[in-house]
Structures are given as structure tokens and as C-alpha cells.
Protein chains: 2
Amino acid sequence: MDDKKERIIIIAEQLFMQYGFLKTTMEDIAKKVHMGKSSVYYYFKSKDDIFAEVIRRDTQIFQQKLNDAIYAANTPEDKIRAYVITRMTHLQDLSKFYSTLTDEYLDHYLFVEEVRKDFYEYESTVIKNLLEDGIKQNFFDVDDVVTISRMISIAIKGLEFPLFVEAKDYDPIKESNDMLNVIFNGITNN
Amino acid sequence: MDDKKERIIIIAEQLFMQYGFLKTTMEDIAKKVHMGKSSVYYYFKSKDDIFAEVIRRDTQIFQQKLNDAIYAANTPEDKIRAYVITRMTHLQDLSKFYSTLTDEYLDHYLFVEEVRKDFYEYESTVIKNLLEDGIKQNFFDVDDVVTISRMISIAIKGLEFPLFVEAKDYDPIKESNDMLNVIFNGITNN
DNA sequence: TTTCGACCAATACCGTTTTTCGGTCGAAAG
DNA sequence: CTTTCGACCGAAAAACGGTATTGGTCGAAA
């Protein structure tokens, strides 16, 4: 019963990736899972519900990946670096896969934006914690943790932007590293 | 003859702001200038031409403002700060006025993007020059000027983003200043 | 508990007709 | 020679009406 839900989600994700959300019909999903359409509705209450579950899963895998990367690094600086690099790499892969979906994202952006919001909340918490660790261990010198973590988030968003609009010869890893160097060291000579 | 062009541009700008580019017809413009449509075509060869002129003017005023701000500041650091703050302030004002236009900007984004490209080129040149001045005067310590100026551009873009999507309690000036503090000093304790 | 066929209402789709709109042209006014 | 405009054009958008899809429900049966 739970593996049925599982299968539906996996199939649905495949179809969403291939055809996008709008072009994928409930019939398509049902047929590919070898079920009647109504049966699918026994497991999920709506198409959006399936989509939400797909996104929820991806997000969870993403966050797991990020947590692992943070855990593997040692110093607070390296942890932040690991976080940003992992994040950008993952998003880079995603931007290829989800290219079909990003074309549509304007339509149900309310939906995606909601999931996004949650992610940003997670993100700012992670960064804030890492900053606080760094301050406690005397690595960083920061007045207002909240402000600086928001600032880092903004910088990350800036890095993210080109991925989804104009990918021409844009190396997010290099850009991220440059950005991180400035964030840690600044540009002032002292 | 030249003041007629002038009037057309001013009226057109008003209408573009109020109704957006697409919803504003040449008839609308002509009527409000008290002319026949054909007469407007005597002064401008196309609707895009008028739009381009409107944008060209705004951009010029914008750049003048930025140059003044840079000129007024003394040290390279203050010049960069002045540049960013002026930029954000102007864009903040613009985002209110052009709210109609931003909704459409997806449609003729080729057009706007072209003007934008020019502006970004100007911007990166300005920043690169200010950085080089700062290095020459031994204020900054930077390896790769090109990379860092691009990085600063990205950071600025990150600041700009919230203006056009979710303006809720977002204070661009404060955010800009925080960002600038990090850019100049970094967060590492040393 | 699970599956499904039959059914519904909303909306997407489609071919056609009508309207709108950016743009041209030639005549005429000054 | 400059400026204005009415009449006109073609392409593209809107309006429209009828058909097909599609998300979602329900009750029966396995």
C-alpha cells in the first residue's frame, strides 16, 4: 500500500520531468503505473498533491546532501564553503533536468514558491548557526548575525540567478568560490 | 519640431507607465498629443523607437545621477558605496513607477535586456575602474580585478532582486550597506 | 481495503470570423 | 519644403461557438 504510493511518485516524477506538470495527465500517470485513474485518487487526493510529494522528496534529498556536506567539513569557514558549493552544484544539475518545468514555473509559482520559502527558511537557519559557531570559535568577527546571514543568502541568490536565465559560459563553482573569498576576507587591504 | 518629439516622448512615457507598453496604442499616444497617428510616425519610425527613446533618456538620467554620486565621494571605498546606494535608491523609486511595466517585461524582454546589457557593461566598467583606483591608492587588496568586479555585480543583482518580486518590508539601503561592509571587510576575524 | 467504470463540470482546444493595431502612402495644407 | 492627416493594408489578436480533454467524484464490486 505504501509501495504503491512510492511507485506513483516515482512514475509521476519521471513524467513531470519529461513532459512538464501541465502536459502530464492523471491518465498518463495511471496508465504507466498500470492502474485505473480512480485508483490513483485512492492514494492521492489531487494532482497537486502528487506534485507536492515529488517536490517534498527532492527537497528532502537535497537537504540531506547539504547536511552531509556540512558534516564532512571541519572549520566553520569550510562548512559554509561546502554548503554553498554543494548547493550550487545541485542546482546546476537540477536546472538541466527541470528545464521543462522552469518554463512552466510561472503558472503554479504560488506552489513552488511555497516550498521555496520553506527551503530559504532552512537555509537561513543553517547559515545563522554556522556563523554563530564561527563566532564562538573566534573565527569570524560579525556584529549582527541575522543581518549577515541574510546578506549571504542574498549573495547566494545572486549566484543562483544566472543558472535559470542565461547559462552561457557561466561557471557557478568558480563564481561561488570568488564570492566566498570576498565574504571571508573582504577586499580592503589591512 | 524638436519640442514636438519632446512632447511625444513625455506623453508616451506617462502612458507606458500607466498602462504598460502593450496596452498603450499609437492611437492613444497620438490622441493625447493632439495629433493624427500618421503625424506621430513623422517623428518616430516605430512604436519600439519611441519606447527605446524613453528608456534611453531614463538611463541617461540614471547614469548622470550615478556619476554625480561617484564624483561627490572622496575615497574609492566611499565612491563604491555611493554608487551602490544611489543605484538601489533609484531602482527603488523606479520599481514603484514601473510596476506595470515589470509585469510585461517577459514579453519584450529582448528589448529591455538589450538596454540592460549596455547598462551592465557601463556598471562593470565603473566598478572595475573604482577598484583599480582603490588598488593603486593601496586601499584594496585584490588579486583579480575582473573577477571581483563581476562578483560585486552579482551581489548587487542579488540586492536588486527582491525589489521586483516581493517588496514586503525590504529595506534596500540597509541591506546594501550591510553587503558593502562585508565586501570591504569580510567576516573573518584577523 | 483496494480497484475501477461511469459520469460530471470546468476548461483547453480548434477552426472561423471579426476587430484591433502598427505601420504605409499619397494628397493636401501651410 | 515641412508637417498633418485620412484612408488603407496585412498581420496578429480577440471573440466565438462547438467539441474534446482532463481533473476529480461516486457507488458498486472484488
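Below, chains carry the letters A, B, ... as their sequence lines are ordered, and counting in each starts from 1. None of these values were measured; they are calculated from a predicted model. These values consider heavy atoms only, across backbone and side chains, with no hydrogens, waters or symmetry-generated copies.
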4.5 Å side-chain heavy-atom contact, B/Asp133 and B/Gln137: yes
Whole angstrom value for the distance that separates P of D/dT2 from CG of B/Asp3: 16 Å
Whole-Å distance separating the OH atom of A/Tyr41 from the P atom of C/dC8: 17 Å
B/Tyr42 six-ring centre to B/Lys4 NZ/CZ under 6.0 Å and within 45° of normal: no
Interatomic distance where CD1 belongs to A/Ile50 and C1' belongs to D/dG24 [whole Å]: 12 Å
Under the 3.5 Å Watson-Crick or G-U criterion, the dot-bracket string of DNA chain D, with | for inter-strand pairs: ||||||||||||||||||||||||||||||
Stepwise salt bridge (Lys or Arg N to Asp or Glu O under 4.0 Å) test for A/Glu53 and A/Lys5: CA-CA 10 Å; A/Glu53 196 55 31; A/Lys5 270 191 97 160; 5.8 Å; no
Parallel, tilted or perpendicular: ring planes of A/Phe62 versus A/Phe119, cut at 30 and 60 degrees: parallel
Lys/Arg N to Asp/Glu carboxylate O, B/Asp178 vs B/Lys174, below 4.0 Å: yes
Which nucleotide in C/dG22, C/dC4, D/dT4 has an atom nearest any side-chain atom of B/Tyr43: D/dT4
Whole-Å distance separating the CZ atom of A/Phe21 from the C1' atom of D/dG23: 10 Å
B/Arg57 with B/Glu13: basic N within carboxylate O range, under 4.0 Å: no
DNA chain C-proximal residues of residues 24-38 of chain A, any heavy atom under 4.0 Å: A/Met35, A/Gly36, A/Ser38
Pair B/Ile70-B/Leu130, side-chain contact (heavy atoms from CB on, under 4.5 Å): steps then yes or no: CA-CA 9 Å; B/Ile70 292 170; B/Leu130 290 177; 4.1 Å; yes
Stepwise salt bridge (Lys or Arg N to Asp or Glu O under 4.0 Å) check, B/Lys32 with B/Asp28: CA-CA 6 Å; B/Lys32 200 158 186 186; B/Asp28 292 340; over 6 Å; no
Rounded interatomic separation in angstrom, taking NZ from A/Lys23 and C1' from D/dG23: 15 Å
Spacing between A/Leu22 atom CG and C/dA10 atom P, to the nearest angstrom: 20 Å
Most 5' of A/Lys4 and B/Lys45 on DNA chain C, judged by nearest nucleotide: A/Lys4
Distance test, side-chain N/O of A/Ser39 to OP1/OP2 of C/dC4, below 4.0 Å: yes
salt_bridge(A/Glu132, A/Lys136) N-O dist < 4.0 Å: no
Nucleotide D/dT22, atom P - distance to OH of A/Tyr19 in whole Å: 13 Å
Side-chain N or O of A/Tyr42 closer than 4.0 Å to phosphate OP1/OP2 of C/dT2: yes
